[in-house]
Amino acid sequence: MGFKQCEADQCVWKKDGLVIIVYVDDCLIFGNSKDEVEKIVEELGKRFDITDEGTTVEEYLGVKTNHKKDGSFRMYHPHLMQRIIQTIPGMENANDHLILAFTSITLTADKNGPG
């Protein structure tokens with residue numbers, strides 16, 4: 001299918017504006033073109049027994065997404081900080097709003113394309 005595995009993360013595969021993220025038996029596909037994504041889903045369906053969960057992802061592997069009308073979306077992990085705090089002795093009752101940390105990243109389309 002022509003995808004190249006990402007060197008930084010072996011669960012990520014890329015090709016011409018398309019990205020596939022694979023974790024065990026879950027897969028997330030996204031790209032610049034809905035038609036191209038649908039072609040990849042169709043091709044994968046010929047090779048594997050897959051279930052298409054639709055075009056809007058609300059949660060994937062515990063990471064939640066919030067889609068905006070301008071095409072951007074927010075990704076966040078609401079329970080991650082609480083789980084981290086619980087692993088640090090003496091921090092069980094800490095107020096998470098007092099801990100400085102990035103809790104989300106907003107991704108937007110690059111109108112100029114890559115590079």
Side-chain angles (χ1 to χ4, degrees):
M1 294 178 62
F3 282 84
K4 300 255 189 236
Q5 192 172 30
C6 179
E7 291 181 26
D9 189 333
Q10 295 181 354
C11 296
V12 178
W13 297 79
K14 303 181 292 182
K15 177 181 96 169
D16 302 328
L18 294 166
V19 177
I20 299 176
I21 301 172
V22 180
Y23 184 77
V24 185
D25 64 348
D26 288 322
C27 179
L28 182 64
I29 304 169
F30 57 93
N32 297 330
S33 163
K34 184 177 178 181
D35 290 338
E36 290 298 316
V37 170
E38 289 173 353
K39 286 179 189 176
I40 295 301
V41 171
E42 183 179 326
E43 184 65 32
L44 287 171
K46 292 176 184 175
R47 299 173 185 218
F48 305 99
D49 182 21
I50 66 171
T51 302
D52 186 352
E53 298 290 334
T55 59
T56 302
V57 176
E58 293 180 13
E59 184 174 344
Y60 182 70
L61 302 175
V63 177
K64 295 184 181 285
T65 61
N66 181 351
H67 298 264
K68 298 181 179 182
K69 291 181 183 179
D70 66 1
S72 65
F73 61 96
R74 176 179 178 233
M75 297 175 69
Y76 57 102
H77 199 303
H79 304 291
L80 181 59
M81 285 304 294
Q82 190 60 38
R83 285 191 289 177
I84 291 171
I85 288 170
Q86 290 174 349
T87 65
I88 302 171
M91 294 291 288
E92 300 86 8
N93 297 315
N95 293 320
D96 59 357
H97 70 278
L98 298 176
I99 297 172
L100 299 176
F102 290 106
T103 58
S104 67
I105 293 176
T106 300
L107 301 175
T108 57
D110 182 353
K111 303 293 189 229
N112 300 319

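Position 1 is the first residue of the sequence, and the numbers go up from there. Just the heavy atoms: all of them, side chains too, but no hydrogens, waters or symmetry mates, feed the values below.
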- Message: Could you work out, with side-chain hydrogen bond (donor to acceptor under 3.5 Å, both in side chains) as the rule, every residue matching E53, not counting sequence neighbours?
- Response: none

- Message: Going by side-chain contact (heavy atoms from CB on, under 4.5 Å), name the residues that satisfy it together with K69, two or more places apart in sequence or in a different chain.
- Response: none

- Query: Charged N to carboxylate O under 4.0 angstrom, E43 versus R47?
  - Reply: yes

- Message: To the closest 0.5 Å, what do you measure between CD (E38) and CD (E42)?
- Response: 9.0 Å

Ignoring hydrogens and angles, write down the donor-acceptor pairs under 3.5 Å from the side chains of residues 4-17, residues two or more places apart or on other chains.
{"residue": "Q5", "atom": "NE2", "partner": "Q10", "partner atom": "O", "Å": "2.8"}
{"residue": "D9", "atom": "OD1", "partner": "C11", "partner atom": "N", "Å": "2.9"}
{"residue": "K15", "atom": "NZ", "partner": "M1", "partner atom": "O", "Å": "2.9"}

Which atom pairs, one a donor and one an acceptor, fall under 3.5 Å between side chains of residues 18-34 and the rest of the protein, sequence neighbours left out?
{"residue": "S33", "atom": "OG", "partner": "D35", "partner atom": "N", "Å": "3.3"}
{"residue": "S33", "atom": "OG", "partner": "E36", "partner atom": "N", "Å": "3.2"}

